[in-house]
Amino acid sequence: MFDSLNDQQKKAVEICDKNLLIIAGAGSGKTKTLTYKIAYILKNNLAKPWEILALTFTNKAADEMKDRVANILDTSIDNFYIGTFHALSLRFLRQIGKKYTIYDKHDQEMLVKEIITYLNLDKNKFQPSKVASYISKIKNSSNLEFPTKEFERIYKIYEEKLESNNAVDFDNILIKFIEELKNNDKLRQNFQNQFKFILIDEYQDTNNIQYELIKEFYNGDNRIFAVGDEDQSIYAFRGANINNILSFSNDFLPCEIIKLEKNYRSTKNILNIANTIITHNKTRIGKNLYSDISGVEPVIKEFATNKDEAYFVSNQIKNILMQNDNSSIAVLYRNNNLSRIFEEYFMQFGIAYKKIGAHKFFDKKEIKDILSFIKIAYNEKDDVSFIRSIGNFGGIGLKTIDDIKKIAIDLNTNLFIAASTLTQKKYAKVARFIEFVKILQKKLEFGNISECLKFVFDEVFSDKNFYRQDIRQSNIGELIEFAKNMDIESFMENASLYDYSQSIDGENNLSLPNVSLMTIHAAKGLEFDHVFIVGLNEGILPSLYQDSVIEEERRIMYVGITRAKKTLYLSYYLSDFHNSFIPSRFLKEIAVNKTQLKRYRIGETINHKDFGKGIILNVKEKPLELKVNFFKYGLKILTENDIF
DNA sequence: GTCACTGTCGTTTTT
DNA sequence: CGACAGTGAC
C-alpha cells in the first residue's frame, strides 16, 4: 500500500516520533502524503482515529482529505477530527455548551456601520468595509495598535456588541476557543492528551491566532505534522504570517524538515517558468521543483484590448474542446472583475463553463433576508439580524427602527427586547413582528427548519416581486432543500462557514462543464490540463505597487502557473477601454529571448503611484527613460527606478 | 412614514 | 452587476 510513495514521501509518512515540517512543492503529492500518513498511524496502531486532528483552511481541502482517507482505509470517517480551523473550533465550543451566532463579513460590516452612525462619525472617512477588515487585521496581529482614537472607540464598541449580541465573527470563533483552553487547564490537558497527532495543511497560511491555537494543543508529547509551501503563501492580506512556517523548526522540537520537490503534475517547461519567477523572492526556505514530464513551450501573448484577449482564449478553448472533450481547462485571474468579459465570450462561443467563487450562495440577498428571520428567532440578542428582518417585515421603516435603537440604548438592552416594550397603537406593526418571531421560535423548537424557512417565505416575501424572480425562487428552493433533515445547530454552522459553491465535485460528475473560471486564490490546490492566466498587467497582477506585497503577488503568479499540467498561456492586454496597461513585471522576469515585451508606447496613458494618470510623450530604452505629461502634476521625466 | 424607483459609484484575494 | 443615496408617490 505504501509502495507508490517516493523516498521523500515515504520518509514524511513514516517519521512519527518527531515534529515534522513537510515542505511540499506544488503538485508534489501533498494530500497523498498526508492521507497516507494517517493510514500509516492507524495501521501501526500509533493512535486511534479520534486521536488524530487534521486541520485545513478550506472546506474543500477538508472534504478532499475526508474522501481520500475514507478511500484508502475503506472505512467510515465519522470518528475523525478533520475540518477547518473554524469548523472544528466551533464544534469544540459547542461540546462545552458555548453557542454563538456567527457574523460573516457582511454582518460584520453592518455592525460596524451601526456603530459609526451611533458615534456620529463621517461615513466617508470610516468606510464600514475598510474598518471591518482593519478590525480583523488588528485581531490577527497580537499587538493592539490603533491608528486613531475614533478607531479605538469603534473597535471597543464592536467587541462589546459582539458580546452582548451573543455573536462571534470569524476571528472570534478561534479567539473564544483559545480563551476557553487558556482558562481551563483540565480542558486543555484533555485535548492535548486526546490528540496524539496533529496534522496541519497549508501551514504557510496560518495566522497568529491559528498559531496560538496550535500552541495550546501542543504539550511536547504529542506530535505536530505541518505541511506547507512558503512559495504558495498568498493569504497575508488576511493575516497569514509566513514566519510561522519559516520558524517552525524553532517552535516545535525535536523537529525534522522534509522537502518534497518532485512534481507529478506539470511539464518541465511549465516548472521552468514557475521556478524562474519564484527565485526572485527573498523570503523563502528554498526548493527547486523538478519534473520528468516533457511537453510544449508555454505561450506568452499580448493583446491590444481585453476583448481581444477574451476572443483569443475562447477560440483556443473551443479548439481544445473539439480535439479532446475530456481535458480540464481553467481561465485564472487576479480578481473577479476580469471574469465578466470571458463569460460574455463563452456565451457567444457556446462554451459551457462553471464560475467558482465570486458569489457565495449564502451571501445572496434573498438567502440572507430569509435567514435573518431564522437567526433572530434562534438568538433574540442578534441585533444585526433584528435590523435586517424587521426591515423586510413590511410596514416598518427607518424611523421606527431608530425609535427602537434609542429605547435599546436607554434600557441598555438588545433591540428585540426594546421592541417588545412598544405597546402604543402606532407601533402595532412592531408588535406584529415580535409576535411573528415568537411563532417562529415555537416552530423552530420542533426542529423542522425547512418548514420554518418556507413559512418565512410565504408570510413575508412571497408577494414581493424581487423574490418571485426565477433565479431567486430557485435559490430559495435550494435553501429549503438544503435545510432538510438538518438540526438547527448544524444548519447555522453550515450556513455561516460552508461555501458550497466551491465544493462542486467535477471529477465524479461528467455532466459538469470542463471549463472553469476562477481567481488564482480559488484555484489553489487544484490542477488543470490547460491553464490560461489572463490580465497579466501591472496593476492587476501585481495588483499593488508596494514592495511589501510584491513577493506575495509573485507567489500568486507562481500558484497560478503551477496549476497547469500540459499547456499554459500567459497573456496581457494594453487597454480595457478605461485604462491603459503595461505588461506585468513577472512576464519580464521570464521573457528572456522568448518574446519581445513592449512595455511602454508613446501616446498611452499610465497610472503612477504618486502622480496619478498621465500620457507618455516619449520613450527611450536602455537606460529606460519616460517623458510623461501627468494630468495633475504636468511634465515629468521618469527613469526605471521611479516608474513603479 | 414607508416604499419603489432611478442614477451613480466602485471592485483584490477569503475562513 | 449590486449596493446605496436621493426623490417622489401613496
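Here is how names work: the chains are called A, B, and so on, in the same order as the sequence lines, proteins then strands, and each is numbered from 1. Bear in mind that the values here come from a model prediction, so they are computed numbers and not experimental data.
- Formation of a donor-acceptor pair under 3.5 Å by the Lys137(A) side chain with backbone atoms of Ala132(A) is not found in this model.
- Summarising the geometry, the separation between CG on Asp107(A) and P on dA3(C) is reported as 13 Å, rounded to the nearest angstrom.
- Contacts of Phe85(A) with the nucleic acid, taken as non-hydrogen atoms under 4.0 Å apart, are absent.
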Considering only nitrogen or oxygen atoms on both sides, find all protein atoms under 3.5 Å from nucleotides 1-6 of chain B and state each distance.
from, atom 1, to, atom 2, distance (Å)
dG1(B), OP1, Lys399(A), NZ, 3.2
dT2(B), OP1, Gly397(A), N, 2.8
dT2(B), OP1, Thr400(A), OG1, 2.6
dT2(B), OP2, Lys399(A), N, 3.3
dT2(B), O5', Gly397(A), N, 3.4
dC3(B), OP1, Gly395(A), N, 2.4

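- Regarding contacts with the backbone of dT12(B), every side-chain N or O of Asn336(A) stays at 4.0 angstrom or more from both OP1 and OP2.
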Would you mind writing out the side-chain donor-acceptor pairs for residues 341-349 of chain A within the sub-3.5 Å range, not counting sequence neighbours?
from, atom 1, to, atom 2, distance (Å)
Glu343(A), OE1, Tyr353(A), OH, 2.7
Glu343(A), OE2, Lys355(A), NZ, 3.0

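- Residue Tyr333(A) contributes atom OH, which lies 15 Å from atom C1' of dT14(B) at whole-angstrom precision.
- Regarding Glu366(A), its CD atom lies at a distance of 14 Å from the C1' atom of dC1(C), rounded to whole Å.
- One interatomic measurement links the two molecules: CG of Asp205(A) to C1' of dT13(B), which rounds to 11 Å at whole-angstrom precision.
- Spacing between atom CG of Leu332(A) and atom C1' of dT12(B) amounts to 15 Å, rounded to whole angstrom units.
- Remark: Thr519(A) is in phosphate contact with dT14(B), judged by side-chain N or O atoms under 4.0 Å from OP1 or OP2.
- Annotation: cation-pi pair Lys365(A)/Phe466(A) present, NZ/CZ under 6.0 Å from the ring centroid and within 45° of its normal.
- A stacking contact between Phe57(A) and dT15(B) is absent: the pair does not combine a ring-centre distance of less than 5.5 Å to the base's six-membered ring with planes differing by less than 30°.
- Note: CG (Asp576(A)) to P (dT11(B)) measures 16 Å, nearest angstrom.
- For Arg238(A), the side-chain atoms get nearest to dT15(B) when compared with the rest of dC4(C), dT13(B), dT15(B).
- Checked against ring-ring contact (aromatic ring centres under 6.0 Å, His included), Phe177(A) has the following partners two or more places apart in sequence or in another chain: Phe92(A), Phe191(A).
- Between Ile540(A) atom CD1 and dT12(B) atom C1' the separation is 11 Å, expressed in whole Å.
- If you measure from atom NE2 of His521(A) to atom C1' of dT14(B), you get 8 Å, rounded to the nearest angstrom.
- Residues that satisfy the salt bridge (charged side-chain N to carboxylate O under 4.0 Å, His left out) test with Lys375(A), not counting sequence neighbours, are Asp107(A).
- For residues 424-435 of chain A, no pair satisfies salt bridge (charged side-chain N to carboxylate O under 4.0 Å, His left out), with sequence neighbours left out.
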Return a table of donor-acceptor pairs under 3.5 angstrom between the side chains of residues 227-241 of chain A and protein atoms on other chains or two or more places apart.
from, atom 1, to, atom 2, distance (Å)
Asp229(A), OD1, Asp231(A), N, 2.9
Asp229(A), OD1, Lys287(A), NZ, 2.6
Asp229(A), OD2, Gln232(A), NE2, 2.8
Glu230(A), OE2, Ile285(A), N, 2.8
Glu230(A), OE2, Gly286(A), N, 3.0
Asp231(A), OD1, Arg284(A), NE, 3.0
Asp231(A), OD2, Arg284(A), NE, 3.4
Asp231(A), OD2, Arg284(A), NH2, 2.8
Asp231(A), OD2, Lys287(A), NZ, 2.8
Gln232(A), OE1, Arg563(A), NH2, 3.3
Asn241(A), OD1, Asn243(A), N, 3.0
Asn241(A), OD1, Asn243(A), ND2, 3.4
Asn241(A), ND2, Asn208(A), OD1, 3.0

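- Each of Ser129(A) and Phe170(A) lies near DNA chain B, and the nucleotide nearest Ser129(A) is the one positioned closer to the 5' end.
- Taking every side-chain heavy atom of Ser543(A) into account, dT12(B) is the closest of dT12(B), dT15(B), dT14(B).
- Closest to the Arg334(A) side chain, of the nucleotides dT12(B), dC4(C), dT14(B), is dT12(B).
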